A.B. asks: 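Attaching a single structure in structure tokens format; questions to follow.
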Amino acid sequence: MDTIKTRFAPSPTGWLHVGGARTALFNYLLAKQAGGTFLLRIEDTDRARHDESAVEKIIEDLRWLGLEWDEGIEVDGDNGPYRQSERLEIYTEHIGRLLNAGQAYYAFETPEELDAMRTEARAEKRNFRYPRPDPLPTAADADKARDEGRPVVVRFKIPGRDVTIRDEVFGEVTVAAAEQDDFIIAKTDGWPTYHLANVVDDALMGVNFVCRGQEFLSQTWRHVLLREAFGFAEPRYAHLPLIMDMAGRKLSKRDGAVEVHAFRTAGYLPEALVNFISLLGWNPGDGRERLTMAEMIESFSVNRINKANAKFDREKLLAFNTDAVAAADEGRLLAGFKDYLSLNETPIPTDDDSLLLHLLRINKGFRTFADIPTKCGVLFVADDAYDYDEKAVKKVLARGDGSGYAMLEYLKAKLADCEWTEETLQALIEGICAEKSIGMGKVAQPIRVAVTGSTISPDIYNTLVILGKGKTIARIDRCMARKG
RNA sequence: GAUCCCAUCGUCUAGCCAGGUCCAGGACACCGGGUUUUCAUCCCGGCAACACGGGUUCAAAUCCCGUUGGGAUCACCA
């Protein structure tokens, strides 16, 4: 038996979608587990929608996720080129082959005429099937039509028999001959349609395991028939259940990020995202949920792929990320944090590794990298550039007898004389608590609100050390001044 | 509308193929409690599902049929 060769064949329309990421991941796992090959091909036969920058985006996202391919665009191989826009001759030759063998023929309808036929079929509550002319148009007819300015396409002449697809997830699915029709394989502009290019490329590139979204299952009969016409071997098929939003609708941008890149920008770790999407439609079967890529490769199995659609639960993804962060070592976190910062506007200095490492350490328990600027960003802005959260001010400083402000006034004097290290500040503040027999909250909170404008910051000692004495005093002054 | 596919806690799912060990297990969310100088983390406890109706069987979440619900496809987009 040949070794497994899978592929991910995205159409470049933008950043990689999480659905596409899962398809890529499963293909990757399938290949890696079998010691096979994972191939990346770009399907860009739609010249009108072509977006060159999207190719780079997809490549960047796949690499960020850790899904490196063994063959394909950028890494090359023996079966290139790996973008369909560079393979026109191959498709033209194959279409010609079908034409010569009488397995395909020319058609000349305009989109309007086709629409009218479809509308009519619909009105009669029957499925539209392209009416095959008899006799079939010749090449001369095609030339004539072209001269008359009519669109010329090539349609595949279906053999007219039922087609059964043996899918490794959904089982045997049969499409009756009556449900098929002579579909287009070459467009007016001479480029092949998806079905033809996809089948030809998979066969020529040696792909023998096709794993893709379920939306293709009811179209696979076209691929089976095309392969048969060319004499290509059948690959194994595994269609994947779809990923929906929480309302059960097709995952759309409407209710949050759906692009891999958006999660990267939002401060997620790729291993958390990969782990999470691996569990959308699959699981190892032994109760484990947190899996490394190596563990996924080891335990992956098509037999355990589900048939029911899955919903994309962002809350659970967040929980996965929280755990991934807790499990990551400092080197990993530093690299991830720098990547996050490079993608976002931030007041945090990005060139000081020891500072970044320190921020990582004092923020243990953070859920995404975005939590760090949320909590510490204010420490790096100008002393008059942060806002006061009135609710926090009221609760901590202005409430009741104004003891918060009184404490702040008292603390300011003490702090002004204090040596500025974590230890000395801790000794000072704990000393005050003991001396006055009050809880830590009574002391730390007034300072926190004064110097950050909110009740959210790292522990008070680190907050003050990062700020420095001068800025701490300046901020307390600002706070007292606005008291009015 | 036609064709095909799917159906276990709110969500991801285990169990189903080889019926009994399941008054259905885990995780996320949620609720309650605890730890903590804030936020977050963390710890403990709780709530919560076999879509419905028939059938087969001594026995059904598991097998069969139907109903209902959801999804996909029906493009010169992939």
Side-chain angles (χ1 to χ4, degrees), chain A residues 9-13 43-46 48-49 84 107 109-111 114-115 118 121-129 151-155 167 170-171 173-176 178-181 183-189 191-195 197-198 213-219 221 239 241-242 244 246 248-250 276 279-290 303-304 306-320 322 325-326 363-367 371 374-375 392 396 429-430 433 439-445 447-449 452 454-461 463:
Chain A
S11 176
T13 53
E43 306 220 330
D44 55 353
T45 52
D46 186 349
R49 296 194 203 180
Q84 295 187 329
E109 288 74 16
T110 62
L114 253 12
D115 274 352
R118 286 195 185 95
R122 187 88 187 232
E124 291 168 16
K125 301 197 173 194
R126 40 162 252 264
N127 249 350
F128 169 72
R129 297 179 73 208
V152 177
V153 299
V154 178
R155 283 179 182 269
D167 187 85
F170 289 94
V173 179
T174 299
V175 177
E179 299 300 324
Q180 308 163 11
D181 81 338
F183 58 94
I184 293 174
I185 55 176
K187 304 183 252 185
T188 303
D189 63 10
W191 285 84
T193 55
Y194 159 76
H195 302 294
N198 184 271
Q214 196 197 15
E215 68 267 29
F216 292 104
L217 184 54
S218 46
Q219 308 197 61
W221 62 270
H239 285 84
L242 271 14
M244 319 299 270
M246 289 304 279
R249 300 258 148 214
K250 203 170 169 201
F276 178 71
L279 264 19
L280 260 21
W282 173 82
N283 71 81
D286 53 15
R288 279 140 77 219
E289 283 202 326
R290 306 310 148 101
N303 300 327
R304 295 201 60 84
N306 293 130
K307 298 181 194 178
N309 292 166
K311 289 177 183 151
F312 191 77
D313 186 349
R314 294 159 200 286
E315 293 289 350
K316 187 150 183 170
L317 203 211
L318 218 210
F320 269 61
T322 305
V325 162
N363 278 288
K364 283 243 165 24
F366 68 90
R367 313 201 70 180
D371 291 347
T374 297
K375 230 160 122 173
V396 177
I429 290 173
E430 286 180 350
C433 288
M440 188 67 92
K442 290 278 185 217
V443 184
Q445 284 300 76
I447 308 180
R448 191 180 332 264
V449 171
T452 69
S454 76
T455 58
I456 302 167
S457 91
D459 71 89
I460 196 64
Y461 317 119
T463 297

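A quick note: this is a predicted structure, and the numbers were derived from the prediction, not measured. Every chain is numbered from 1 and lettered A, B, ... according to where its sequence line falls, protein lines coming before strand lines.
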A.B. asks: Please give the nucleotide sitting opposite B:rU73 as a Watson-Crick or G-U wobble pair, both distances under 3.5 Å, or none.
C.D. replies: B:rA2
A.B. asks: Between A:E43 and A:N198, is there a donor-acceptor pair closer than 3.5 Å when you use the side chain of the first and the backbone of the second?
C.D. replies: no
A.B. asks: Are A:N283 and B:rU13 close enough that a side-chain N or O sits under 4.0 Å from OP1 or OP2?
C.D. replies: no
A.B. asks: Using OP1 and OP2 only, check whether a side-chain N or O of A:R122 sits under 4.0 Å from B:rA2.
C.D. replies: no
A.B. asks: Taking 4.0 angstrom as the limit, do A:K187 and A:D189 come out as a salt bridge?
C.D. replies: no
A.B. asks: Do any side-chain nitrogens or oxygens of A:R304 fall under 4.0 Å of OP1 or OP2 in B:rG15?
C.D. replies: yes
A.B. asks: Check whether any side-chain nitrogen or oxygen of A:R118 sits under 4.0 Å from OP1 or OP2 of B:rA75, and answer yes or no.
C.D. replies: yes
A.B. asks: Using a cut-off of 4.0 Å on non-hydrogen atoms, how would the nucleic acid contact of A:D459 be classed: base, sugar-phosphate, or nothing?
C.D. replies: base
A.B. asks: Answer yes or no: does a side-chain N or O of A:K307 lie under 4.0 Å from OP1 or OP2 of B:rC5?
C.D. replies: no
A.B. asks: Answer yes or no: is there a donor N or O on one side and an acceptor on the other, between the side chain of A:R129 and the main chain of A:Q180, under 3.5 Å?
C.D. replies: yes
A.B. asks: For B:rU13, does either OP1 or OP2 sit under 4.0 Å from a side-chain N or O belonging to A:K316?
C.D. replies: no
A.B. asks: Is a donor from one side chain sitting under 3.5 angstrom from an acceptor on the other, for A:S457 and A:T463?
C.D. replies: yes
A.B. asks: Nearest of B:rG10, B:rA72, B:rC74 to any side-chain atom of A:Q219?
C.D. replies: B:rC74
A.B. asks: It should be established whether A:K311 places a side-chain nitrogen or oxygen under 4.0 Å from OP1 or OP2 of nucleotide B:rU11.
C.D. replies: yes
